Amino acid sequence: MINPRILRDTPEVVEAALTNRNADVSLLHQLQDLDATWRRENQALDALKAERNQSVPKGAPTPHQREALANLSATIKTRQQQVNDLDEARRALAMQIPNILTPDVPIGPDDRHNRVIRTVGTPQQRDFPPKSHDELATHLGIIDFDRAAKIAGSRFAIFKGLGARLERAIATFMLNTHVNDFGYCELSPPVLINTAALQGTGQLPKFKDDQYHVDNDYWLSPTAEVQLTNFHANEILSAADLPLKYCAFTPCFRKEAGSYGTDMKGLIRLHQFNKVELVQLVTPETSNDHLMTLLSHAETILQRLELPYRVVALCSGDTGFSAAQTFDLEVWLPAQNQYREISSCSNFLDFQAIRSKIRYRHADGSVRYLHTLNGSGLAVGRTMAAILENYQDASGNVYIPNALQGYMELEVITHES
RNA sequence: GGAGGAGUACCCAAGUGGCUGAAGGGGACGGUUUGCUAAACCGUUAGUGUUCGAUAGGGCAGCGAGGGUUCGAAUCCCUCCUCCUCCGCCA
């Protein structure tokens, strides 16, 4: 949620941000009206309450006093209901307004206006046409999409034998890197989560259709960002505790509504996939610097796996609802002859912290909202796809990157293995 | 899933309708004493949210959450959440 102070004091900033995102500016005006009305009504109500507090006698009231108080109480009750309704409407509207973008976010309506920041590594030149990762994996017998369809449906995968081992190796390598080299605390959280958590990070209320909603009002987590960020919801942390850095390896669930027909084959777009996620809770002054280091942590994984990638600054129209600024990492997929997203690293400023009430005590004693950041470190399925495609030979064998050989206890996956 | 019990401030805890926005203790902080420390004694101590002013300060809310009864609720009623004990089931 955008800081109410900014909404009230400098609405033009919010208006500009909404325009850059192609978002509905009329929401803002509705919100301003509601906010003004709420404040006026709430003040009037508080005055009535003050009057009541002063007229309440120490002991039992006389019948005359009782009648006057009864009238006052009835009025307060009615108006309290009105104020509550206004407050809820105000809040519901505020929850639907996206974050304000950082000034250096490129302006543009869609992903064609994203800016490539740097390209790292060079796609390997081959004298044979590269096979797609799903073709390779099926041929090697390490992923079974058809049988996954039998027990679940389309957009699911079953990793088998060395495929399952490779997924485990990739996840362990990533977690070990983040925990041992970068100081993240590993969490293993629930993936069945509640509504409040999803509201906190911004997936609800606006993106209800993307989420799996299950029995008992639980939701299947679309990303561990939700669990890791809400780990400290409704807390006031000590400034000395910051920055807090958490990582987790979890399954993620997405309905992928509206993406019919795209990426139907392979590991790129599944209803369930595994991901290593990074989250940081930091002081406001340092969040921009921490975004750069978080990005470097995700990049390190690609570098150690020796996969070619590029860093892309998302433009205003492509930046997610809750984010103020996002850098995507895109890995080279030879069979697709293009770079594809494998990580998304964002600074949310205080947007999520306000929604989830995550605060810290500043050195001067005041209580302030902190800043939250997150990024994939990385999507495991897409990483496997990239390894398969980039490390294949002409016969369809796949070599294991040096960094993973210790975890795999193997150097190459062949049809015979 | 069934049967009980419990949630009060940083911690422990008193409190079954008005004198309780909350006794008492611990802790923390300040002071007296002291060469220093400890002890003792004295004092201070709800954090927070919101609003008005926007410096000082004031109003309102707030006893797990949300409703209800009542002139008035920490206290009575309802729903929910969390924790504990026992039974059942289960990885």
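Fair warning: this is a prediction, and the values are worked out from it, not measured in the lab. Lettering of chains follows the sequences in order, A, B, ..., and the numbering in each one begins at 1. Values reported hereafter were calculated over all heavy atoms of this structure, with side chains retained and with hydrogens, waters and symmetry mates removed.
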Take atom [atom1] in [N] and the same atom in [M], then report the distance between them in whole Å.
N      : M      : atom1 : result
B/rA14 : B/rC71 : C1'   : 28 Å
B/rA23 : B/rC63 : C1'   : 14 Å
B/rA39 : B/rG26 : P     : 12 Å

Within this structure, what is the [atom1]-to-[atom2] distance between [X] and [N], rounded to whole angstrom?
X     : N      : atom1 : atom2 : answer
A/L72 : B/rC60 : CG    : C1'   : 14 Å
A/D85 : B/rG66 : CG    : P     : 15 Å
A/E88 : B/rG66 : CD    : C1'   : 12 Å
A/K49 : B/rG72 : NZ    : C1'   : 15 Å
A/I76 : B/rG59 : CD1   : P     : 16 Å

Between [X] and [Y]: side-chain donor-acceptor atoms closer than 3.5 Å:
X      : Y      : value
A/E225 : A/Q352 : yes
A/D134 : A/S132 : yes
A/N99  : A/S322 : no

Which letter, B, S or -, goes with each nucleotide of nucleotides 47-58 of chain B from 5' to 3', with contact meaning a protein heavy atom under 4.0 Å? SSSSSS------
For the [atom1] atom on [X], are there more than 12 heavy atoms of other groups (residues, nucleotides or ligands in this structure) within a distance under 6.0 Å?
X      : atom1 : value
A/K160 : NZ    : no
A/E88  : CD    : no
A/D217 : CG    : yes

What N/O pairs connect the protein and nucleotides 67-70 of chain B at under 3.5 Å? Give each pair on its own line.
{"from": "B/rU69", "atom 1": "OP2", "to": "A/K77", "atom 2": "NZ", "distance (Å)": "2.6"}

When you measure from the side-chain N and O atoms of A/N53 to the phosphate of B/rC60, is any distance below 4.0 Å, counting only OP1 and OP2?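 Yes, such a contact exists.
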Under a 4.0 Å N-O cut-off, is there an ion pair linking A/D35 with A/R39?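 Salt bridge: yes.
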Short N-O contact, A/R304 and A/D181, less than 4.0 angstrom: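 Counted as a salt bridge, because a side-chain N and a carboxylate O are separated by less than 4.0 Å.
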